[in-house]
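Here's the structure, in structure tokens; my notes come after.
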Amino acid sequence: NAGVTQTPKFQVLKTGQSMTLQCAQDMNHEYMSWYRQDPGMGLRLIHYSVGAGITDQGEVPNGYNVSRSTTEDFPLRLLSAAPSQTSVYFCASQPTRPGADTQYFGPGTRLTVL
Amino acid sequence: GEDVEQSLFLSVREGDSSVINCTYTDSSSTYLYWYKQEPGAGLQLLTYIFSNMDMKQDQRLTVLLNKKDKHLSLRIADTQTGDSAIYFCAESITGNTGKLIFGQGTTLQVKP
């Protein structure tokens, strides 16, 4: 198993550009989520999905869209990038909603918006 | 609202014990977690404790939970230089599908 994979690892955007951060898992996990990590603020939940076709907002959803057409993939879209979206983005997956099951994190995407 | 607080930095000498502390506000938390993040990497789950437990031990790691004070701690015995990393405390909220609240992270520096 490859686990949770994220692409790209690094990305630089100009303000107003759009892009999609990719996340995939090959463990048949139902639950997937996106976090952003900023210095001194820990991880904050952007969006999450409890299964294919079902998504919901987390703590900081503004400026981001998600969809979950398959169990494996959970892309995060930035429609019009802003400097405030400069951050490290982590995708995670888990067999069920958070509990005793391990939540697996991807390696992260470091995004800079100029 | 929900909030998780940690001190930002801890420095210890190799071989000493490290104690990383965390406080949380939501009394309905079901599980509390400790994650480790090494430079440039994602988060790795170290251990977790169910909210009806007081203590959990796993090799060099001991987790203590004081529900009355809403205080969680992670003790690392015989700390090694390889333990240098950022440690995050997190809680899951009862009845809220999929939401984890993370603390700001504690940077552990282990001096040889």
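By convention in this document, chain letters (A, B, ...) are assigned in the order of the sequence lines, proteins followed by strands, and residues within each chain are numbered from 1. Just so it is clear, the structure is predicted and the values come from calculations on it, not from any experiment.
- Linking ILVMFWY residues whenever their side-chain heavy atoms come closer than 4.5 Å, directly or via other members, places B:Leu45 and B:Tyr87 in the same cluster.
- When every heavy atom of B:Leu100 is checked against every heavy atom of A:Tyr35, the shortest pair comes out as CB-OH, 3.6 Å.
- Neither the backbone nor the side chain of B:Leu8 comes within less than 4.5 Å of any heavy atom in chain A.
- In this structure, no portion of B:Gln44 lies under 4.5 Å from any heavy atom of chain A.
- With hydrophobic clusters built from ILVMFWY side chains whose heavy atoms lie under 4.5 angstrom apart, A:Trp34 does not share a cluster with A:Leu45.
- Linking ILVMFWY side-chain heavy atoms closer than 4.5 Å, directly or via other members, places A:Phe105 and A:Tyr48 in a single hydrophobic cluster.
- The heavy-atom pair separating B:Phe102 from A:Leu43 by the smallest distance is CB-O, 3.6 Å.
- Residue A:Arg110 qualifies as open at atom CZ: its count of foreign heavy atoms under 6.0 Å is 12 or below.
- From B:Ile101, atom CD1 reaches atom CZ of A:Arg44 across 11.5 Å, with rounding to the nearest 0.5 Å.
- Heavy-atom distances place the side chain of A:Gln37, and not its backbone, under 4.5 Å from chain B.
- By the rule that hydrophobic residues join a cluster once side-chain heavy atoms approach within less than 4.5 Å of another member, A:Tyr31 and B:Tyr35 end up as members of one cluster.
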